There are 2 protein chains.
Amino acid sequence: MPSPEAIKVWARLMRVSRQLMERAEDALKEGGLPPLAWYDVLHELAEAGEAGLRPFQLIERTLFAQYNISRLLARLEAGGLVEKLPVADDGRGQTIRVTATGRETRRRMWAVYGRSIADLVGAKLSTVELNTVSAMLGRLRDPPVDH
Amino acid sequence: MPSPEAIKVWARLMRVSRQLMERAEDALKEGGLPPLAWYDVLHELAEAGEAGLRPFQLIERTLFAQYNISRLLARLEAGGLVEKLPVADDGRGQTIRVTATGRETRRRMWAVYGRSIADLVGAKLSTVELNTVSAMLGRLRDPPVDH
DNA sequence: TCAAGCTTGATGCAATTGCATCTACCTCGT
DNA sequence: ACGAGGTAGATGCAATTGCATCAAGCTTGA
């Protein structure tokens, strides 16, 4: 039912992304660093700065499920990489903020992760090609759900 | 260290692939069908035909880890979708072959999975664009490891 | 104001994954 | 012929994921 071209894109997309992800994970593991999932969260939190982010905001920004974020944050807190602060105007909520240790860990992860990206993607395509791929992948993103 | 363009491609690649995969999984789940991983294996086995495939060949063709295939095959066998046959000239090995039920399940999965691919990819890019993306993703594949 | 319903985040439990290791069998060099 | 080392596949155990559900706190409408 899908065209052969669509099938090929799907197959390569799934295969390449898994393969590259695995490679990046391996590089981190080899460096004794935490998994990629931690990076994603630390990255968002680092961008958010002192204000921090609510867990539900992390869910919006990343693709993690709610229960996944909940437990990931518990692990990050246990590791001293983030801290949970109560929220003034919402007794249910909490604000998550990176600690200095968290920032440092993120920095060390980026040294490895960034190199992986450079090697696995940057070195394989020209700038023009990279922009083309970005544009086309952008077209595959979810159309914003209306409601 | 990687260029901004490379980072953008990486980010979109990871995000889009996860998102699309999830959508396809959801569609299968909604249809009461098994997960995508099962499809991959059933697909390879269906292509292999009566001769079947050895587990290690499935590992080469897919991106599953050895223990993963081992247990996935156990589940497939338990579900009656594949059968394990002894191999004549290698007492350790086994040959995996799809059963009629397995083929039928694959067919029903494809009805849903194929539609997902058509909707999520085929409908979003022209044939020319699809070919462009395939070509570029192809360049990101592992260079064959020499040994 | 207060009950119904929603949102936020946590958690018990089952299934899956990852890691390390194991067993059985093959292959090759001597 | 046999012992060392390699390959095929399974599995015990810990960590993670997924699902369903929960508790606590908000919000809204009558």
Side-chain angles (χ1 to χ4, degrees), chain A residues 18-19 21-30 32-41 44-45 52-79 82-97 147, chain B residues 18-19 21-30 32-41 44-45 48 52-79 81-97 147:
Chain A
R18 257 189 282 181
Q19 213 166 46
M21 177 92 77
E22 221 162 274
R23 291 263 200 138
E25 288 277 17
D26 288 350
L28 286 172
K29 211 168 300 174
E30 195 158 339
L33 293 165
L36 270 185
W38 290 35
Y39 183 87
D40 290 348
V41 169
E44 294 298 336
L45 290 175
L53 284 177
R54 302 278 302 268
F56 73 87
Q57 294 178 299
L58 282 168
I59 292 169
E60 291 165 4
R61 286 168 172 68
T62 64
L63 296 178
F64 295 110
Q66 184 272 320
Y67 55 80
N68 223 324
I69 280 289
S70 177
R71 295 202 256 229
L72 182 43
L73 289 176
R75 277 173 245 150
L76 286 168
E77 188 188 26
V82 307
E83 51 189 352
K84 298 182 174 182
L85 310 168
V87 173
D89 59 341
D90 189 339
R92 297 164 297 185
Q94 46 190 308
T95 294
I96 311 296
R97 201 163 61 188
H147 52 142
Chain B
R18 258 190 282 182
Q19 214 165 45
M21 177 93 75
E22 221 162 274
R23 291 263 199 136
E25 289 277 17
D26 287 350
L28 286 172
K29 211 167 300 174
E30 195 158 340
L33 293 164
L36 271 184
W38 289 35
Y39 184 87
D40 290 349
V41 168
E44 294 298 336
L45 290 175
L53 284 176
R54 301 279 302 269
F56 73 87
Q57 294 178 297
L58 282 168
I59 292 168
E60 292 164 5
R61 285 168 173 66
T62 64
L63 295 179
F64 296 110
Q66 184 270 318
Y67 56 80
N68 224 324
I69 280 288
S70 177
R71 295 200 255 226
L72 182 43
L73 289 177
R75 276 173 247 151
L76 286 168
E77 188 188 27
L81 305 186
V82 307
E83 51 189 351
K84 298 182 174 181
L85 310 168
V87 173
D89 60 339
D90 188 339
R92 296 165 298 184
Q94 45 191 308
T95 293
I96 310 297
R97 201 164 61 188
H147 51 140

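Please read these numbers as outputs of a predicted model, since none were measured by experiment. Just so it is clear: chains get the letters A, B, ... in the order the sequence lines come, proteins before strands, and each one is counted from 1.
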Between [N] atom [atom2] and [X] atom [atom1], what is the distance in whole Å?
X     : N      : atom1 : atom2 : result
A:D40 : D:dT16 : CG    : P     : 16 Å
B:E25 : D:dT17 : CD    : P     : 15 Å
A:I69 : D:dT16 : CD1   : P     : 14 Å
B:I59 : C:dT17 : CD1   : C1'   : 15 Å
B:L36 : D:dG18 : CG    : C1'   : 16 Å

Please list each protein N or O that sits under 3.5 Å from an N or O in nucleotides 1-6 of chain D, with the distance.
{"unit_1": "D:dG6", "atom_1": "N2", "unit_2": "B:R92", "atom_2": "NH1", "d": "3.2"}

Distance (rounded to the nearest 0.5 Å) between A:R61 CZ and A:L53 CG
5.0 Å
[X]: which residues meet the salt bridge (Lys or Arg N to Asp or Glu O under 4.0 Å) condition with it, sequence neighbours left out?
X     : value
B:K84 : B:E77
B:R18 : A:D40
A:E22 : none
B:E83 : B:R97

Hits for ring pair (Phe, Tyr, Trp, His ring centres under 6.0 Å) against A:F64, two or more places apart or cross-chain, chain-then-number order -> none
Give me the one residue out of B:L36, B:I96, B:L76 that meets side-chain contact (heavy atoms from CB on, under 4.5 Å) with B:V41.
B:L76
Can you list everything that forms a side chain to side chain contact (heavy atoms under 4.5 Å, CB included) with B:A65? Sequence neighbours excluded, please.
B:Y67, B:N68
Strictly below 4.0 Å: does A:K84 bring a side-chain N or O up to OP1 or OP2 of C:dA10?
yes
State whether A:N68 places a side-chain N or O below 4.0 Å from either non-bridging phosphate oxygen (OP1 or OP2) of D:dT16.
no
Listed partners of A:R92 passing side chain to side chain donor-acceptor pair (under 3.5 Å), at least two apart
A:D90
Ignoring the backbone of B:D90, work out which of C:dA10, C:dC25, D:dC26 is nearest its side chain.
C:dC25
Between protein and nucleotides 11-13 of chain C, what N or O pairs are separated by less than 3.5 Å?
{"unit_1": "C:dG12", "atom_1": "O6", "unit_2": "A:R71", "atom_2": "NH2", "d": "3.2"}

Upstream residue (5' side of DNA chain C) when A:Q57 and A:K29 are each assigned their closest nucleotide
A:Q57
